[in-house]
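Note that the structure is predicted; figures quoted are calculated from it, not measured.
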Amino acid sequence: MDVSDECKQKFLEHIAKSNCRFIIFKIENQEVVVEKLGIPDEAYVDFTASQPASECRITIFNFDFTTDQNFQKSKIFFSVHGRNKVVYASSEDRFKSQLDGIQVELQATDSSEMSLDIVKGRTL
């Protein structure tokens, strides 16, 4: 499975410029490609609503939160979301290895496993 240069470039821009809130990737014609970029002020609910319920996707999400000590922080989540992960699972490790800066990984088969409470719990 190939990873398009655009995927790597958009991720690097995401890290360097924070020019998007999330990136949704899909596999198309045996290649991982960018499906959607979320604008910087979109919320987690916009991110989850942007993913098709019945199809698998690889995603990057920049999650902003406040610590117990009242510090603003941000973590970059990597997730594979969906039920039919066979094709995605075979390309996940290769793709993830090309993205330097991922801080948290989340595997989910449905939206309940990507709830805001679960994401918040993974920031600790």
Side-chain angles (χ1 to χ4, degrees):
M1 189 75 50
D2 291 325
V3 177
S4 74
D5 289 337
E6 179 190 22
C7 291
K8 295 177 229 173
Q9 183 64 35
K10 292 299 180 191
F11 180 76
L12 290 173
E13 288 174 10
H14 174 75
I15 296 289
K17 301 177 185 176
S18 297
N19 61 351
C20 62
R21 173 65 61 191
F22 60 84
I23 308 171
I24 298 176
F25 304 96
K26 67 178 181 176
I27 294 177
E28 186 174 83
N29 301 322
Q30 298 300 311
E31 182 178 44
V32 179
V33 297
V34 174
E35 180 177 49
K36 180 175 177 159
L37 298 173
I39 59 173
D41 53 341
E42 285 190 282
Y44 189 76
V45 68
D46 300 312
F47 164 66
T48 56
S50 295
Q51 298 178 58
S54 61
E55 298 176 31
C56 197
R57 293 294 185 265
I58 299 171
T59 63
I60 300 291
F61 181 78
N62 196 39
F63 185 70
D64 298 327
F65 61 99
T66 304
T67 66
D68 292 340
Q69 295 80 25
N70 208 28
F71 291 110
Q72 292 293 323
K73 292 203 143 207
S74 184
K75 289 200 177 187
I76 298 172
F77 277 75
F78 173 89
S79 73
V80 178
H81 174 248
R83 294 190 183 278
N84 299 319
K85 294 186 193 179
V86 176
V87 174
Y88 281 79
S90 65
S91 59
E92 173 186 353
D93 287 335
R94 182 170 184 266
F95 181 61
K96 188 172 49 175
S97 71
Q98 297 181 37
L99 307 178
D100 188 30
I102 294 170
Q103 297 166 308
V104 181
E105 186 174 344
L106 183 64
Q107 299 287 330
T109 54
D110 61 40
S111 58
S112 69
E113 294 176 344
M114 289 186 65
S115 72
L116 189 55
D117 289 337
I118 290 173
V119 170
K120 285 180 180 177
R122 297 292 302 271
T123 60
L124 304 175

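- For R57 (side chain) and K26 (main-chain N/O), no donor-acceptor pair under 3.5 Å exists by modelled atom type.
- Of the possible donor and acceptor atoms, none in the side chain of E55 sits under 3.5 Å from a partner among the backbone N and O of P52.
- Listed here is the closest heavy atom pair of I24 and S50: CD1-CB, 3.6 Å.
- Residues F11 and D100 approach most closely at CE2-O, 3.3 Å, considering heavy atoms.
- Comment: R21 does not engage D46 in a salt bridge, judged by the lack of any side-chain N to carboxylate O separation of less than 4.0 angstrom.
- Between D64 and S74 the shortest heavy-atom distance is OD1-OG, 2.9 Å.
- No path of Ile, Leu, Val, Met, Phe, Trp and Tyr side chains, each step under 4.5 Å between heavy atoms, connects L12 with I23, placing them in separate hydrophobic clusters.
- Atom CE of M114 sits about 4.5 Å away from atom OG1 of T59, to the nearest 0.5 Å.
- Hydrophobic clustering (side-chain heavy atoms under 4.5 Å, transitive across Ile, Leu, Val, Met, Phe, Trp, Tyr) keeps V33 apart from I58.
- Taking the side chain as every heavy atom from C-beta outward, K10 and H14 never approach each other to under 4.5 Å.
- Scanning all heavy atoms of the two residues, the minimum distance from L37 to C20 falls at CD2-SG, 4.3 Å.
- We find the CD1-CZ distance between I76 and F22 to be 15.0 Å, quoted to the nearest 0.5 Å.
- Both V104 and V119 sit in one connected hydrophobic cluster of ILVMFWY residues. Membership requires side-chain heavy atoms under 4.5 Å apart, directly or through other members.
- Under the 30°/60° scheme for interplanar angles, the aromatic rings of F63 and F65 are found to lie parallel.
- Atom CG of residue L116 and atom OG1 of residue T48 lie 9.0 Å apart, to the nearest 0.5 angstrom.
- Here F61 and F77 keep their ring centres 6.0 angstrom or further from each other.
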Full working for side chain to side chain contact (heavy atoms under 4.5 Å, CB included) between E13 and Q9: CA-CA 6 Å; E13 288 174 10; Q9 183 64 35; 3.3 Å; yes
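- Closest heavy-atom contact between N70 and T66: OD1-CG2, 3.3 Å.
- Nearest heavy-atom pair across V80 and C56 is CG1-SG, 3.8 Å.
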Stepwise side chain to side chain contact (heavy atoms under 4.5 Å, CB included) check, S79 with E105: CA-CA 6 Å; S79 73; E105 186 174 344; over 6 Å; no
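- The backbone N or O of F25 sits nowhere less than 3.5 Å from a side-chain atom of E35 that would complete a donor-acceptor pair.
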